[in-house]
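Protein chains get the first letters and strands the later ones, always in sequence-line order, with residue 1 at the start of each. As the structure is a computational prediction, the values presented were derived from the model and not from experiment.
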Amino acid sequence: MKIATWNVNSLKVRLPQVLDWLAAQQPDVLALQETKLTDDAFPVEAIREAGYHCVYSGQKTYNGVAILARHELLDPLTDIDGLDDPQRRILAATVDGVRVINLYVVNGSEVGSEKYAYKLDWLGKVTGFIAGEMKRHEKLVVLGDFNIAPEDRDVHDPEAWHEKILCSTPEREALKKILDLGLSDCFRRFEQPEQSFSWWDYRAAGFRRNLGLRIDLILSSPALTETCTACIIDVEPRRLERPSDHAPVVAEFVS
DNA sequence: ATGGTTGCGGAGCAA
């Protein structure tokens with residue numbers, strides 16, 4: 001089973017790239033973030049023609065998450081207990097016996113800001129939700145744009161980013177609490193090239209100079225972790241004309 | 001410290 005995540009930064013703009021990528025890579029599951037589409041505008045038909053089912057939770061202009069899958073998507077969920085949030089950042093569904101939790105984690109803007117406090121609060125509530133889901137589902141993945149670089153080796157310039165947004169200690173501790181539920185960062189289970197990143201700022205030629213961060217993650221529950229055979233970042237779509245600022249991340253599991 | 005770019009929506013915010 002091939003499970004992927006991709007922050008597309010507008011599905012309206014990126015739909016052709018997504019369809020091309022689906023055809024080339026044939027993932028079983030693709031979680032999307034920053035679709036930036038209301039549900040009435042979601043391209044259900046084009047995705048169906050590509051051979052995928054979909055569930056989605058969107059809003060105008062900002063945020064928005066979706067899951068595309070070869071098999072049927074069961075028990076979709078868009079809101080969690082104790083988090084009354086108009087921002088569409090969470091989408092869970094079950095595919096082929098695997099609970100898939102797609103997250104577009106709050107960016108947080110700047111350490112110490114109001115948005116930063118919201119990010120940490122949001123992460124705490126989502127951690128509680130994941131804990132509950134793990135009790136109900138042995139095979140589970142939490143994936144998406146975490147907007148947190150787990151370690152300094154996930155940062156092109158750790159000194160420049162020291163205690164900055166996406167890298168601060170409280171953010172990393174919040175991520176660790178999620179990992180401490182028993183989840184594993186699939187990417188780090190395998191040998192990887194140094195300077196592996198999943199996001200590069202559009203500004204200052206970030207991608208050309210590989211000034212990136214690894215903030216897009218696939219976390220797996222123990223039952224899935226032991227079946228994980230590969231995890232890679234596919235940088236090719238980032239090279240395209242008019243790319244997303246994020247690259248897809250792909251994990252493979254054997255059954 | 002600032003700026004650099006993209007998307008949305010049609011100015012300025014979010015990332």
**Complete:** Nearest-nucleotide check on DNA chain B, A:Thr35 vs A:Gln87; residue mapping nearer the 5' end is A:Thr35
**Message:** Please check: side-chain N/O of A:Glu171 versus main-chain N/O of A:Leu166, any donor-acceptor pairing under 3.5 Å?
**Reply:** yes
**Prompt:** Once you round it to whole Å, what is the distance between C1' of B:dA14 and CD of A:Gln33?
**Reply:** 16 Å
**Atom-pair distance (CG on A:Asn107; P on B:dA14), nearest Å** = 11 Å
**Asked** Expressed in angstrom and rounded to an integer, what is the separation of A:Lys12 atom NZ from B:dT6 atom C1'?
**Response** 15 Å
**Value in whole Å for how far the P atom of B:dC13 lies from CD of A:Gln59** = 18 Å
**Complete:** Correct closest heavy-atom pair for A:Thr5 and A:Gly144 would be OG1-CA, 3.2 Å
**Request:** Determine the interplanar angle of the A:Trp200 and A:Phe207 rings, folded into 0 to 90°, and report it as parallel if under 30°, tilted if 30 to 60°, perpendicular if over 60°.
**Result:** perpendicular
**Request:** Starting from C1' on B:dA15, measure out to CZ on A:Phe146 and report it in whole angstrom.
**Result:** 18 Å
**Request:** To the nearest Å, give me how far apart CD (A:Gln17) and P (B:dT6) are.
**Result:** 13 Å
**Request:** For B:dG9, take OP1 and OP2 only and decide whether either is under 4.0 Å from a side-chain N or O of A:Thr61.
**Result:** yes
**Request:** Determine the interatomic distance between P on B:dG12 and the same-named atom on B:dG3; round to the nearest Å.
**Result:** 16 Å
**Prompt:** Between B:dA14 and A:Lys36, is there an OP1 or OP2 to side-chain N/O distance shorter than 4.0 Å?
**Reply:** no
**Prompt:** Any donor-acceptor pair under 3.5 Å linking the side chain of A:Arg238 with the backbone of A:Asp245?
**Reply:** yes
**Message:** Does anything in residues 199-212 of chain A come within less than 4.0 Å of DNA chain B? Heavy atoms only, and list the residues if so.
**Reply:** A:Tyr202, A:Arg203, A:Ala204
**Asked** Is there side-chain contact between A:Gln87 and A:Tyr118, with heavy atoms separated by less than 4.5 Å?
**Response** yes
**Request:** May I ask you to check if A:Arg88 and A:Tyr104 form a cation-pi contact, with NZ or CZ under 6.0 angstrom from the six-membered ring centre and within 45° of the axis?
**Result:** no
**Asked** Can you check the A:Leu213 CG to B:dA15 P distance for me, whole Å?
**Response** 15 Å
**Prompt:** Looking only at atom C1', what distance separates B:dG4 and B:dG10, rounded to whole Å?
**Reply:** 22 Å
**Request:** Report yes if a side-chain nitrogen or oxygen of A:Ser10 is closer than 4.0 Å to either non-bridging phosphate oxygen (OP1 or OP2) of B:dC8; otherwise report no.
**Result:** yes
**Message:** Measuring to OP1 and OP2 of B:dA14, would you say a side-chain N or O of A:Lys115 lies under 4.0 angstrom away?
**Reply:** yes
**Asked** Quick one: does A:Thr78's side chain get under 4.5 Å of A:Ile90's, heavy atoms only?
**Response** no
**Fill in**
Between A:Asn7 and A:Val13, the residue closer to the 5' end of DNA chain B by nearest nucleotide is A:Val13
**Prompt:** When you compare B:dA1 with B:dT6, how far apart are their P atoms, in angstrom units rounded to a whole number?
**Reply:** 26 Å
**Prompt:** What integer number of Å spans the C1' atoms of B:dG9 and B:dA14?
**Reply:** 13 Å
**Request:** Indicate whether OP1 or OP2 belonging to B:dT5 is found under 4.0 Å from a side-chain N or O atom of A:Arg242.
**Result:** no
**Item:** Between C1' of B:dG7 and OH of A:Tyr62, the distance in whole Å
**Value:** 9 Å
**Asked** Strictly by modelled atom types, are A:Thr94 and A:Arg99 linked by a side-chain donor-acceptor pair under 3.5 Å?
**Response** yes
**Complete:** Of the candidates B:dA15, B:dC13, B:dG9, the side chain of A:Lys60 sits closest to B:dG9
